[in-house]
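For reference, the structure is listed below as structure tokens.
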Amino acid sequence: KAGVTQTPRYLIKTRGQQVTLSCSPISGHRSVSWYQQTPGQGLQFLFEYFSETQRNKGNFPGRFSGRQFSNSRSEMNVSTLELGDSALYLCASSFAGTGELFFGEGSRLTVL
Amino acid sequence: AQKITQTQPGMFVQEKEAVTLDCTYDTSDPSYGLFWYKQPSSGEMIFLIYQGSYDQQNATEGRYSLNFQKARKSANLVISASQLGDSAMYFCAMRDTEGQGFSFIFGKGTRLLVKP
């Protein structure tokens, strides 16, 4: 059974640009959530999608957005990038929004 | 508000010895669960062990066990017979039951280094 797949694994952007990250959950998992991990703030919840609906959103500015497709794959977008957006972005899936989270290896974003 | 606290930023342990990683939590929900994750340098968070608030016994999974003290609101992870591959970041987490949907609250983590 394939795990959670995130692409790209590494990317470098400059301030003001935008970025789109992709996440393919474990087959059959309908809940996909995103977390931002930084050395200073640790792991912070961004948003969670279930059956294409955003159920919850963390305390992040509107520059951070996401969506989920009918096949449960999810994308997150960050517009007008700032230096502070440099982080590891982790995607996690779960079967029905219960139990443990299954994480991908993350997308490491560097903003110059 | 719910909170997870891990007070040990870094820990050293000699190979083959046991080590305890501390985690305290705060929640007003009588039904909750505590999770432990391992994050190697590759970045992926790996689920290790789960303890439910109503579980009668402490959880165990191979070399991992939980020292769950409900009255003290602590759920410490015990790793027995440490191996070099155990060197990683370890996070304690619980589900956020105060919001909608399905999200977790994580502690700041403990970096464990196993010495040969």
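Note that the structure is predicted; figures quoted are calculated from it, not measured. Every chain is numbered from 1, with letters handed out A, B, ... down the list of sequences.
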Would a single hydrophobic cluster contain both [Y] and [X], if residues Ile, Leu, Val, Met, Phe, Trp and Tyr are joined by side-chain heavy-atom contacts under 4.5 Å?
X	Y	answer
A/Phe45	A/Tyr89	no
B/Tyr90	B/Met11	yes
B/Ile49	B/Val19	yes
B/Met94	B/Phe47	no
A/Leu81	A/Leu112	no

Does [atom1] in [X] sit with more than 12 non-hydrogen atoms of other residues, nucleotides or ligands closer than 6.0 Å?
X	atom1	result
A/Phe69	CZ	yes
B/Arg63	CZ	yes
A/Asn71	CG	yes
B/Lys70	NZ	yes

* Asked: Within the side chain of B/Lys108, is there an N or O that forms a donor-acceptor pair under 3.5 Å with the backbone of A/Pro39?
  -> no
Quick check on [X] against chain B: is it the side chain, the backbone, both or neither that has a heavy atom closer than 4.5 Å?
X	answer
A/Gln37	side chain
A/Leu90	side chain
A/Arg9	side chain

Quick one: [atom1] on [X] to [atom2] on [Y], what's the gap to the nearest 0.5 Å?
X	Y	atom1	atom2	value
A/Leu88	B/Gln39	CG	CD	6.5 Å
A/Glu100	B/Ile46	CD	CD1	13.0 Å
B/Arg95	A/Ser94	CZ	OG	8.5 Å

* To do: Measure centre to centre between the rings of B/Tyr37 and A/Phe103, then say whether the value is under 6.0 Å.
  =>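 Yes - the distance between ring centres of B/Tyr37 and A/Phe103 falls below the 6.0 Å cut-off.
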* B/Phe106 and A/Tyr35: aromatic ring centres closer than 6.0 Å? -> yes
* A/Glu48 and B/Ser103: side chain to side chain contact (heavy atoms under 4.5 Å, CB included), yes or no, with the steps? -> CA-CA 7 Å; A/Glu48 187 241 352; B/Ser103 63; 5.5 Å; no
* Heavy-atom pair with the smallest gap, counting every atom of B/Phe102 and A/Ser31 ->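 Answer, listing the atom of B/Phe102 first, then A/Ser31: CD2-OG, 4.1 Å.
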* Heavy-atom pair count under 4.5 Å with chain B, highest-scoring of A/Thr53, A/Leu43, A/Leu101, A/Asn56 ->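 Heavy-atom pairs under 4.5 Å are most numerous for A/Leu101.
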* Asked: Quick one: what part of B/Phe104 sits under 4.5 Å from any heavy atom of chain A, side chain, backbone, both or neither?
  -> both
